[in-house]
Amino acid sequence: MVTTFEPPSHPHSPAAPQSGTSYLARLNPEQRAAIETTDGPLLVLAGAGTGKTRVLTTRFAHILLTERAKPWQILAVTFTNKAAREMRERVALLLGAPAEGLWLGTFHALCARMLRRHAEYAGLTQNFTILDTDDQLRLLKQVMEPWQIDTKRWPAPGLLGVIQRWKDRGLTPARVTPSEDTDFANGHARAIYEAYQARLLQLNACDFGDLMLHVTEILRTRPDVLAQYHRMFRYILVDEYQDTNTVQYLWLRLLAKHEHGPANICCVGDDDQSIYSWRGAEVENILRFEKDFPGAKIVRLERNYRSTRHILGAAAGLIAHNGERLGKTLRSGRDDPSDGEKVLVTSVWDSDAEARNVCDIAERLHHKGQSLAEMAILVRAGFQTRAFEERLVQTGLPYRIVGGLRFYERAEIRDALAYMRVVHQPADDLAFERIINVPKRGVGPASLQKLREAARFANTSVSMATETMLDNGQLKGKSANQLRVLVDALNSTREILAREGHVLAVEHLLEESGYLEMWRLDRSPEAPGRLENLKELVRALADFGTLGEFLEHVSLVMETDEKAQDAKLSIMTLHGAKGLEFDTVFLPGWEEGVFPSQRTLDEGGLKGLEEERRLAYVGITRARKQAMIFHAGSRRIYANWQPSMPSRFLDELPDAHITRKNEGGSNRRGLFAEDSVFDNGPLVARRKRQAEAEPAFQLGEHVRHPRFGVGIVIAADRNHLEIAFENAGTKRLLSSFIEKL
DNA sequence: GTCCGCTCCTTTTTT
DNA sequence: AGGAGCGGAC
């Protein structure tokens, strides 16, 4: 079964000069073993806070410094861009200089790079487009039309999910067996999938799943290509192995398994932190590692340097309730004898009291000198953030919501990118269809359909067909004139792109197409902000050599470089917090139905429950000094108040490591529900309504909104107010949310 | 072709 | 409560 690795009695690399290995000095024996066991398959089971990133980066540097491989002979894979960036930086630090030619990146970025080299084997050309979720959905809806699917019963996003899960499992349409295809859309899902893939090829495009799927398929079917990579990659490093899905696993196995010699693959992960099964991750990959790579060694990193003993004890007690585990016990690696504070479990009356409690404590800690950057509120689901946000605005504590709408997901940014994509790749119909009527050019669904048919008939793209029809005078009226402007703008942009570079070209494009003008004429309060974002986008263009590079970056990275952050309290989901750590962690909403989430329980049964428990484990282990858990007796979900029971996870925390505190809710499960079931909801709502019976507002009056902060009333129509906020721009709002100052 | 209002649904999320 | 999507009115 599982073998525990014993550190070698003598160093593995006799060639390594002693003076050159100072980077190994401050590591514990397990960490050293994980680094010095360079050859053959190795699984590093790295518990939370056990120095995983350090091991990965030091191992990378060790391979280079002992000259086992050149930088381009190491393949290093992560899940997020952030992790890739961090590894790159830390390796550079160890080496004293950035390494050139690294194959270090996310699964998708590395696959995109490979796919550009071998695009023709997938039926694409080198400049293929990577679609975002919007595009995928619009395309799938178009493709679905002929089947006349009842989209009430089988909504397109659901089908897209089915297709994505197939792709996660490495299944091309041809590999989907009929027995797989019974659930969705009356057994038409596979056929629609096939049509969707065909359409993607026509558009010279692929979605995220395709990056993995195409490359894996090429490696499977083209031994010459595979051999090329076998020759190149001597060492493979994989981060967060427990999160890999089946294609990622297949891809890795293809690359790692040579015909001759051992697979020098090192996977680092933690089965206790596997929280992404809902998007295709297979914990089994990590559980099965020894079978996949015979002779594999296993190193366990169990010494935790992050958290206090009470935090570790609470987390360990909780996760012990899970069944299938590789078995690993976190223990403190610290020398300091203090146990720290016990984990605090607080019962509160309702979700408002919860927010009040959390924010009060945060404020108190802040006054005592703890930086807000060292505190985080970790929630199970997005809807929970609102109560905290409202309270924090009232309190005046700076905060940031991590993982809200990101820059590249904003409508104006997507529109502008679509304009650029059409310039870059005229075959990109999805981009063209996105912008053809933005700004309004009098092109509705009917005209669009005509253009599509013309394109299909002439076997070209919609944008080319539009141009041809304009040239031949086949389009008439006002919309023809406006389309002419669009087509001319696209063409002149391509000329400028060739002559004067991409920055000027894009400025020209957004101006001449009328896109910027559309927002300038827009009277809505968001318009100025959108223009500002567009400026920012153009600024970002300058950081890239070509338009193509920029578009690749945008579709793969989907984030802008964060500006230097001021110290702010973070609010984020538990999923978003993985890999991070804070001195103080607030864990609200530990109630049945919320956490564990009812939906996960319904859909995932025991497996779902165990994943929720791992999520709880991830949450607690984010804390260095103190973890505080909260549960409320009633919670407002959507419109109404609902009584709620304490989470079963609270019973699973070992008493020795927790303190229970009652701030208005009962501490005991069951009892609580009795005194609150029917009455407390309406009562609380009534109390709120009375408090909010508010007088009329005057123009120029200073007011406060729970979310947007302080502002001045600039227009009022009965209960509809327009308010210019200090920090949030101008908004139109209902007066019931507004408080006088 | 566009706009407005009614109904429905509501996790987690990276790339 | 609030946003998205769809159907009917102009």
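In what follows, every chain begins at residue 1, and chains take the letters A, B, ... in the order their sequences are listed. Everything numeric here is computed off the predicted structure, so don't read it as measured data.
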Could you give the [atom1]-to-[atom2] distance, from [X] to [N], as a whole number of Å?
X: A:L580; N: B:dT13; atom1: CG; atom2: P; answer: 13 Å
X: A:F383; N: B:dT10; atom1: CZ; atom2: C1'; answer: 10 Å
X: A:I637; N: C:dA1; atom1: CD1; atom2: C1'; answer: 13 Å
X: A:E240; N: B:dT15; atom1: CD; atom2: P; answer: 12 Å
X: A:I130; N: B:dT14; atom1: CD1; atom2: P; answer: 17 Å
X: A:Q164; N: B:dT12; atom1: CD; atom2: P; answer: 16 Å
X: A:R635; N: B:dT11; atom1: CZ; atom2: P; answer: 15 Å
X: A:R85; N: B:dT15; atom1: CZ; atom2: P; answer: 9 Å

So what does [X] touch, heavy atoms closer than 4.0 Å: a base, only the sugar-phosphate, or nothing?
X: A:F208; answer: base
X: A:A446; answer: sugar-phosphate
X: A:G382; answer: sugar-phosphate
X: A:S447; answer: sugar-phosphate
X: A:T80; answer: sugar-phosphate

Distance under 6.0 Å and angle within 45° of the ring axis: does [X] meet both against [Y]?
X: A:R279; Y: A:Y276; value: yes
X: A:R113; Y: A:W103; value: yes
X: A:R414; Y: A:Y408; value: no

Find which nucleotide of DNA chain B each of A:F79 and A:E612 is nearest to by heavy atoms, and output the residue with the more 5' nucleotide.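 The residue closer to the strand's 5' end, by nearest nucleotide, is A:E612.
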Is a donor on one side and an acceptor on the other found under 3.5 Å between the side chain of A:D428 and the backbone of A:Q425?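 Not a single qualifying donor-acceptor pair exists.
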Could you check whether any side-chain N or O of A:D243 sits under 3.5 Å from a backbone N or O of A:A281, counting only pairs where one atom can act as donor and the other as acceptor?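 It does not hold such a pair.
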With 3.5 Å as the limit, what N/O pairs link the protein to nucleotides 2-6 of chain B?
from, atom 1, to, atom 2, distance (Å)
B:dT2, OP2, A:N437, ND2, 3.3

As a test of reading the structure: which of B:dT11, B:dT15, B:dG1 is closest to the side chain of A:E603, going by heavy atoms?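 That would be B:dT11.
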Which nucleotide wins on minimum distance to the side chain of A:R599, given the candidates B:dT10, B:dT12, B:dT15?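 The answer is B:dT10, which lies nearest to the side chain.
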A:T573 side-chain N/O to B:dT13 phosphate OP1/OP2 under 4.0 Å: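 Yes.
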Check whether any side-chain N or O of A:N81 sits under 4.0 Å from OP1 or OP2 of B:dT14, and answer yes or no.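 No.
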List the atom of A:G514, the atom of A:P439, and the distance in Å for their closest heavy-atom pair.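 Shortest heavy-atom contact: O-CG, 3.6 Å.
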B:dT12 pyrimidine/purine six-ring stacking with A:W278, under 5.5 Å and 30°: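 Whether judged by distance or by angle, A:W278 passes, so it stacks on the base of B:dT12.
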Are any of the side-chain nitrogens in A:R386 or A:E390 under 4.0 Å away from the carboxylate oxygens of its partner?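 Salt bridge present between A:R386 and A:E390.
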Salt bridge check, A:R421 against A:D135: does any charged N sit closer than 4.0 Å to a carboxylate O?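 Salt bridge present between A:D135 and A:R421.
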